[in-house]
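Computed over heavy atoms, backbone and side chain alike; hydrogens, waters and symmetry mates excluded. All figures in this text were calculated on a predicted structure; none of them were measured in a lab.
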Amino acid sequence: MRSKKTAFFLLKKIFVLLLLIHSVLTAQNTESQDKIVKKILEKSYPAVVKLWGIDSLNLKQNSPQFSGVVVKQEGIILTAAHAIHPGNFYSVHFPDGKTARAKALGRMGIKSMQGRPDIGLLKIIDPGTYPFAEMGWSDSMSTNNLCVSIAYPTTLDQEIPTIRVGKIATVLDPWGFMVSTCKMEPGDSGGPLFDNLGRVIAIHSRIAVDEDINYESPINLFREYWEYLLQPINYAELPSDKLQFKSDTLKYKLINLSTTPHNLVAKAIVEIVSKADEVKVIAFGTLIKSQNKSRNSSWIVTKSSLLTNTVLVKLDGKLYDTKAVATNLPNDLALLKINKINKEGISKTKAADSFENPGITLVSFLSDNKNELSSLGSNVFKFTTKPAKGYFGAGANFIKGNITITSLGPNSPAAKAGLQIQDQIKFINGIAVVKPEDYGRELMQYRVGDTISIKGLRNGEEFDHAVVLEEFPLSDHPSNKFLGGRSERFDNFEAVFAHDAKLLPYQCGGPVFKADGTFMGINIARFSRTCSLAVPADVIFNFVESALNNEI
């Protein structure tokens with residue numbers, strides 16, 4: 001009997017030891033990957049640029065923004081073919097705030113190939129030397145290799161790029177694309193994908209509805225057609241010959257994305273349900289430990305706009321009555337009060353005080369047994385959205401020397417104002433539109449709600465219509481079809497940071513941690529295909545303490 005007890009205790013000690021070893025190895029693997037991502041950013045981040053088309057005379061923006069990466073110190077930029085046109089001019093914006101002008105060189109987006117291979121070059125025309133990234137080899141990559149995206153999604157509209165960490169899902173698909181799990185959306189087009197050595201291995205091209213399917217133009221295509229792309233030509237077909245280049249001597253240093261599960265135990269997470277339906281979770285909440293230990297209550301922070309008038313807090317299967325004691329509109333926060341419970345809240349001593357390492361692994365708890373891994377995409381920033389550009393809703397072509405309307409959006413502002421197909425546009429708000437680029441450039445100057453005058457000719461007769469610009473209708477683009485869609489309140493926050501967790505709108509309000517257990521903040525909105533937003537820890541604690549002090 002004694003020997004059986006001894007054997008049991010030995011097995012128990014071995015089991016505990018194995019758990020400890022697993023925890024240590026998990027922490028080491030996460031820390032190692034985070035250090036690798038940090039080195040990638042130190043090496044290549046300065047070379048990733050935001051671009052948009054400009055008029056060569058007045059330098060006004062005349063195209064949507066897109067991304068690119070400088071790969072030669074004299075200013076050669078890789079980007080997507082669908083974003084540029086040979087000979088056109090572009091404004092170049094570096095992460096450090098410096099700007100330059102560039103001119104598009106060659107592009108290969110072959111019409112008969114549905115726009116593939118989608119590769120193009122630009123050259124900075126302002127004299128100087130520029131930060132640049134090293135070109136890698138796409139054929140060196142293997143499935144599950146770690147990769148990092150650095151690019152500028154349009155929806156977020158920030159001056160610096162966001163970071164997304166993922167893996168190679170397919171090295172080369174039947175269409176000639178590399179496929180990665182680094183999520184993309186409009187604005188990321190032309191942005192670079194890096195290997196773990198900080199080398200460009202592909203350029204962002206297009207996406208599927210599935211958030212983990214993101215198509216990349218392999219870097220080897222740039223190598224093969226380099227001399228052709230240096231010529232300002234819009235190629236109608238691929239050149240018959242390809243350049244030869246040396247193979248990768250550092251292929252052996254490429255690594256896989258860490259698949260080791262994190263060792264964090266779910267903590268401080270609660271579910272918030274409606275009294276009318278105790279089964280349906282309408283939000284998550286985060287238990288916060290007040291610095292005032294004398295209070296005989298527990299405190300929960302959640303997303304204010306998700307709450308209904310009558311809610312319950314659900315914790316470990318038990319329901320607790322609650323009431324909101326404070327709200328914070330600028331960050332969409334609410335503080336809930338329940339009777340004292342045994343579960344420990346998060347204390348200020350466990351909170352992050354720095355967001356200086358984008359790319360590190362984060363863990364969002366969604367319940368006691370579910371979580372979502374993500375990568376820190378940005379530092380903390382104030383997110384005040386800019387007024388949206390107005391929607392006009394009429395497409396035009398240059399026909400026989402005239403800007404002529406060739407399409408009208410159903411129920412668009414242009415259609416509502418009485419414009420018709422075949423109308424010739426002569427003036428927009430008194431500005432003459434003579435060349436094709438004049439039309440788009442002038443319309444881009446106005447915001448939602450602006451009223452503009454459109455003068456032109458219809459069957460030889462002059463007309464003058466006043467058009468009130470509206471918000472752009474939600475397009476059929478795959479980026480608008482991600483699971484769950486945006487949160488109802490998704491912008492205009494005083495302080496948030498971005499990460500790439502795939503949250504559903506109701507899954508906001510729960511805590512976000514670093515892999516070592518450091519509390520980073522609370523998820524506050526699913527913003528877009530590539531981005532969820534969270535309120536940082538210091539803002540949370542300031543809100544709680546201020547609310548409790550006022551309650552005294």
Side-chain angles (χ1 to χ4, degrees), residues 50 64-65 67 149-166 181-189 191 204 207 209-212 214 283-284 286 301-306 328-333 355 358-359 362-364 366 372-389 448 471-475 477-512 520-536 539-540:
K50 177 166 65 174
Q65 74 174 53
S67 301
S149 164
I150 308 175
Y152 298 82
T154 301
T155 54
L156 208 54
D157 197 22
Q158 296 295 298
E159 296 304 315
I160 57 176
T162 60
I163 315 304
R164 284 143 276 175
V165 179
T181 63
C182 291
K183 292 185 277 295
M184 293 187 253
E185 63 183 48
D188 288 322
S189 292
H204 299 331
I207 60 175
V209 172
D210 189 323
E211 294 162 69
D212 286 330
N214 303 273
F284 289 110
T286 302
V301 177
T302 187
K303 181 174 171 70
S304 177
S305 59
L306 286 178
N328 175 265
L329 182 61
N331 286 307
D332 198 17
L333 298 174
F355 290 79
L362 303 180
V363 183
S364 294
L366 308 180
E372 174 73 18
L373 297 183
S374 62
S375 300
L376 177 62
S378 73
N379 206 322
V380 176
F381 59 95
K382 182 177 182 178
F383 188 32
T384 303
T385 54
K386 298 175 183 177
K389 288 183 172 60
V448 173
E471 290 187 3
F472 274 82
L474 196 63
S475 75
H477 195 277
S479 63
N480 294 320
K481 298 180 179 180
F482 59 92
L483 185 63
R486 275 180 162 181
S487 296
E488 186 172 340
R489 163 81 188 271
F490 59 79
D491 60 1
N492 287 317
F493 300 107
E494 283 292 318
V496 287
F497 62 89
H499 62 119
D500 58 356
K502 294 189 290 186
L503 299 178
L504 298 174
Y506 80 89
Q507 292 173 331
C508 292
V512 186
M520 298 292 283
I522 289 177
N523 285 316
I524 204 64
R526 178 64 191 269
F527 176 70
S528 69
R529 185 180 190 269
T530 69
C531 175
S532 290
L533 299 173
V535 177
V539 175
I540 300 298

Item to check | Ser374 vs Leu362, side-chain contact (heavy atoms from CB on, under 4.5 Å): CA-CA, chis, key distance, verdict | outcome: CA-CA 5 Å; Ser374 62; Leu362 303 180; 3.5 Å; yes

Checklist entry - Given the rule in the side-chain contact (heavy atoms from CB on, under 4.5 Å) test, do Leu483 and Leu504 qualify, once you have shown the distances and angles that lead to the verdict? => result CA-CA 7 Å; Leu483 185 63; Leu504 298 174; 3.9 Å; yes

Checklist entry - When you look at Glu211 and Arg164, which way does the salt bridge (Lys or Arg N to Asp or Glu O under 4.0 Å) test go after all the steps? => result CA-CA 12 Å; Glu211 294 162 69; Arg164 284 143 276 175; over 6 Å; no

Item to check | Derivation and outcome, side-chain hydrogen bond (donor to acceptor under 3.5 Å, both in side chains), residues His204 and Ser149 | outcome: CA-CA 9 Å; His204 299 331; Ser149 164; 2.8 Å; yes

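No salt bridge links Lys183 with Asp188; every basic N to acidic carboxylate O contact stays at or beyond 4.0 Å. The residues Glu185 and Lys481 are annotated as not salt-bridged, no charged nitrogen and carboxylate oxygen being separated by less than 4.0 angstrom. A salt bridge links Lys502 with Asp212; the closest basic N to acidic carboxylate O contact falls under 4.0 Å.
No donor-acceptor pair under 3.5 Å is formed between the side chain of Arg486 and the backbone N or O of Glu488. Judged by distance alone, the side chain of Ser364 and the main-chain N or O of Leu373 form no donor-acceptor pair under 3.5 Å. No donor-acceptor distance shorter than 3.5 angstrom exists from the side chain of Lys382 to the backbone of Glu494, with no hydrogens or angles considered. Remark: the backbone N or O of Arg489 is not paired with any side-chain donor or acceptor of Asp332 at under 3.5 angstrom. In this structure, the side chain of Thr302 engages the main chain of Phe284 through a donor-acceptor pair within 3.5 Å.
Across all non-hydrogen atoms, the minimal contact from Ala498 to Ser378 is N-OG, 3.0 Å. Closest non-hydrogen pair, Asn492 versus Thr384, comes out as OD1-CA, 3.4 Å. In terms of heavy-atom proximity, Thr181 sits nearest to Gly166 at OG1-CA, 3.3 Å. When every heavy atom of Val512 is checked against every heavy atom of Ala534, the shortest pair comes out as CG2-CB, 4.3 Å. Taking all atoms of both residues into account, the shortest heavy-atom contact from Arg526 to Gly485 is CG-O, 3.7 Å. Minimum interatomic distance between Thr154 and Gly187 (heavy atoms only, all atoms of both residues): OG1-CA, 3.1 Å.
Of the candidates Thr155, Val209, Ile207, Ser479 forms a side-chain contact (heavy atoms from CB on, under 4.5 Å) with just one, namely Ile207. Looking at Asn214, Asn480, Asp500 one by one, the single match for side chain to side chain donor-acceptor pair (under 3.5 Å) with Arg529 turns out to be Asn214.
Two residues are said to be in side-chain contact when any heavy atoms from C-beta on lie closer than 4.5 Å; Gln158 and Lys50 fail this criterion. By the 4.5 Å heavy-atom criterion applied to side chains, Met520 and Phe355 are counted as neighbours. The shortest distance between side-chain heavy atoms of Asn379 and Phe497 does not fall below 4.5 Å. The shortest side-chain heavy-atom distance between Pro536 and Val380 falls under the 4.5 Å cut-off. In this structure, the side chains of Leu333 and Ser304 stay at 4.5 Å or more apart for every pair of heavy atoms. Using a 4.5 Å heavy-atom threshold, the side chains of Leu366 and Leu503 count as touching. In this structure, Leu533 and Phe490 have side chains that are not in contact, with every pair of non-hydrogen atoms separated by 4.5 Å or more.
Rounding to the nearest 0.5 Å places CD of Gln507 at 11.0 Å from CG of Leu306. Between Ile540 atom CD1 and Asn331 atom CG the span is 7.5 Å, to the nearest 0.5 Å. Remark: Leu156 CG to Asp491 CG distance equals 10.5 Å, nearest 0.5 Å.
Ring pair Phe493/Phe383: centre-to-centre distance not below 6.0 Å.
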